[in-house]
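Mind having a look at this structure? Questions to follow.
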Protein chains: 2
Amino acid sequence: MGAMSQSKRAELIRRALDLFYRNGFHATGMDLVARETGVSKTAIYKHFRTKEDLILATLRLRDETFRNWLLRRMADLAETPEGQLLALFDALAEWFAQDSFRGCLFIKASAEYQDADHPINREALAHKRLLLDHFADLAAQAGFADPRALAAQILILKEGAIVLAAMSHSAAAARDAKRAAGQLLTSAARI
Amino acid sequence: MGAMSQSKRAELIRRALDLFYRNGFHATGMDLVARETGVSKTAIYKHFRTKEDLILATLRLRDETFRNWLLRRMADLAETPEGQLLALFDALAEWFAQDSFRGCLFIKASAEYQDADHPINREALAHKRLLLDHFADLAAQAGFADPRALAAQILILKEGAIVLAAMSHSAAAARDAKRAAGQLLTSAARI
DNA sequence: GAAAACAGTTACTGATCGGTTAATGTAATG
DNA sequence: CATTACATTAACCGATCAGTAACTGTTTTC
């Protein structure tokens with residue numbers, strides 16, 4: 001096993017991710033993936049036992065790249081932990097404004113494979129939990145009395161903004177969510 | 001046109017809605033719809049030109065029944081307009097706790113048909129706008145200075161809570177969102 | 001009661017679904 | 001140079017996709 005080089009495999013996952021993100025999972029057939037990546041179906045199935053395995057690989061790639069991008073952008077936009085929690089929504093606004101923005105891949109994956117014990121749903125949930133943990137870290141560093149609760153509220157605002165931005169094809173939700181987050185941060189109890 | 005009785009047609013839409021809600025749109029074939037409803041495919045296509053038309057009919061039914069249910073539940077749970085905006089999240093908690101809960105049909109529809117000008121996405125967006133309008137009405141009645149902005153924030157909390165509840169198969173997000181909404185309401189400017 | 005008009009069925013269309021088989025090309029090993 | 005091992009391909013599998021054609025009843029209308 002391990003026919004194609006590591007870089008070709010990575011490129012396959014990268015292109016499959018793009019197809020799934022733009023067209024959806026069920027709506028994207030493996031024949032299309034083969035055609036668009038230039039990798040024959042048989043070669044794909046040498047490295048991924050099933051379509052589901054390929055989807056999981058794209059989700060893992062997306063988790064890494066997106067979370068990397070978001071956390072770095074938050075850190076670049078603000079100095080303090082509290083400022084970073086607010087800057088989250090500025091980063092989201094930038095994302096929403098991109099032509100390629102089509103909502104959250106994990107929300108879409110979870111919507112199409114929603115069973116609690118489905119590996120795809122589990123992968124999506126894991127991504128959200130990692131974000132939640134990071135928000136909770138920032139909230140703890142900022143000295144809030146209940147960092148987990150505050151992080152949960154921030155995450156809810158983030159997911160709601162993404163869903164509405166994707167549906168309305170507008171970045172306005174990022175601004176609304178930021179104002180809400182600002183009020184939550186200023187009125188939350190501190191240690 | 002108009003072969004089957006009005007009640008049979010309504011029953012077909014009702015069952016198709018259930019199938020789409022549980023399995024997804026692309027993942028639910030018209031053969032399955034025919035099998036599960038007991039209505040032959042030809043009979044279905046006598047009344048719905050395409051699968052997309054059937055989907056739109058299920059979305060319109062869902063908009064009517066769900067919005068009716070939610071608004072009535074909010075009104076039953078609280079006396080004042082401000083109380084209703086908070087009770088929204090108690091109603092959501094009840095919904096999340098149901099075995100049949102599988103997220104928001106409109107979010108799922110928009111995720112699978114996300115083009116801005118796609119009729120399915122437009123229908124989903126229309127549903128959210130109607131909810132936004134109602135929240136804004138309540139906020140105006142409650143005497144808030146910027147009812148539209150507050151309504152937008154409430155809507156973001158609602159959508160975020162739904163997405164996270166569906167993904168995590170837990171009703172906890174309703175409680176977190178309610179606490180956030182409570183803080184927003186108490187700190188928002190009034191006329 | 002004849003004749004349109006219509007609701008309903010089964011059986012089918014070509015295309016595509018996820019996935020595999022059998023064969024070919026190619027590179028490394030003895 | 002022969003052979004083993006492996007990467008890759010075209011062609012194919014049965015099932016299912018959305019949608020339709022041809023046909024059979026049942027009403028409605030005159």
Side-chain angles (χ1 to χ4, degrees), chain A residues 1-13 15-59 108-109 111-115 118-121 123, chain B residues 1-59 108-109 111-113 115 118-121 123:
Chain A
M1 198 168 301
M4 63 188 76
S5 68
Q6 203 66 10
S7 71
K8 277 194 72 174
R9 183 191 158 100
E11 176 71 7
L12 164 63
I13 297 176
R15 294 216 197 182
L17 162 55
D18 192 55
L19 289 171
F20 289 140
Y21 184 50
R22 280 189 298 161
N23 305 338
F25 296 95
H26 284 96
T28 303
M30 291 299 280
D31 290 277
L32 181 66
V33 173
R35 202 180 316 136
E36 292 287 315
T37 58
V39 180
S40 76
K41 227 167 27 146
T42 316
I44 296 176
Y45 275 99
K46 273 272 155 59
H47 295 273
F48 301 97
R49 211 174 45 82
T50 61
K51 180 183 182 180
E52 181 182 312
D53 281 359
L54 176 59
I55 293 176
L56 287 171
T58 67
L59 292 181
K108 293 159 79 142
E112 290 198 49
Y113 306 89
Q114 63 196 329
D115 284 359
H118 196 295
I120 291 179
N121 183 67
E123 195 74 32
Chain B
M1 201 168 298
M4 64 188 75
S5 68
Q6 204 66 10
S7 71
K8 277 192 74 174
R9 182 190 158 101
E11 175 72 7
L12 164 62
I13 298 176
R14 216 181 53 76
R15 294 216 197 182
L17 162 56
D18 192 55
L19 289 171
F20 289 139
Y21 184 49
R22 281 188 296 161
N23 305 339
F25 296 95
H26 284 96
T28 304
M30 291 299 279
D31 290 277
L32 181 66
V33 173
R35 203 180 315 135
E36 291 288 315
T37 58
V39 181
S40 76
K41 229 170 17 152
T42 315
I44 296 176
Y45 275 99
K46 273 271 156 60
H47 295 273
F48 301 96
R49 210 173 46 81
T50 61
K51 179 183 182 180
E52 180 182 313
D53 281 359
L54 175 60
I55 292 176
L56 287 171
T58 66
L59 291 181
K108 293 160 78 142
E112 289 198 48
Y113 305 89
D115 284 359
H118 196 294
I120 291 178
N121 183 68
E123 196 73 32

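Here is how names work: the chains are called A, B, and so on, in the same order as the sequence lines, proteins then strands, and each is numbered from 1. Scope of the values below: all heavy atoms of this structure, side chains included, with no hydrogens, waters or symmetry mates.
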Please tabulate, one pair per line, all N/O donor-acceptor pairs under 3.5 Å involving side-chain atoms of residues 10-18 of chain B, not counting sequence neighbours.
residue	atom	partner	partner atom	Å
B:Glu11	OE1	B:Arg14	NE	3.2
B:Glu11	OE2	B:Arg14	NH2	3.2
B:Glu11	OE2	B:Arg15	NE	2.9
B:Glu11	OE2	B:Arg15	NH2	3.4
B:Arg15	NH1	B:Glu36	O	3.2
B:Asp18	OD2	B:Arg22	NE	3.2
B:Asp18	OD2	B:Arg22	NH2	3.1

- [ ] Could you check how far CZ of B:Phe48 sits from P of C:dG8, rounded to whole Å?
- [x] 12 Å
Open item on the list: Holding to ring pair (Phe, Tyr, Trp, His ring centres under 6.0 Å), I want the full list of residues that pass it with A:Tyr113, two or more places apart in sequence or in another chain.
Closed with: A:His26, A:His118
Task: Between CG on residue A:Leu59 and CZ on residue A:Phe25, distance to nearest 0.5 Å - done: 5.0 Å
Task: Heavy-atom side-chain proximity of B:Val33 to B:Thr28 below 4.5 angstrom - done: yes
Task: Lys NZ or Arg CZ of B:Lys108 over B:Tyr21 ring: under 6.0 Å, within 45° - done: yes
Open item on the list: With a 4.0 Å cutoff (strictly under), does any side-chain N or O of A:Ser40 reach OP1 or OP2 of D:dT8?
Closed with: no
Task: Under 4.0 Å protein heavy-atom contacts per nucleotide of nucleotides 16-28 of chain C, with B for base, S for backbone only and - for none - done: -SBBBB-------
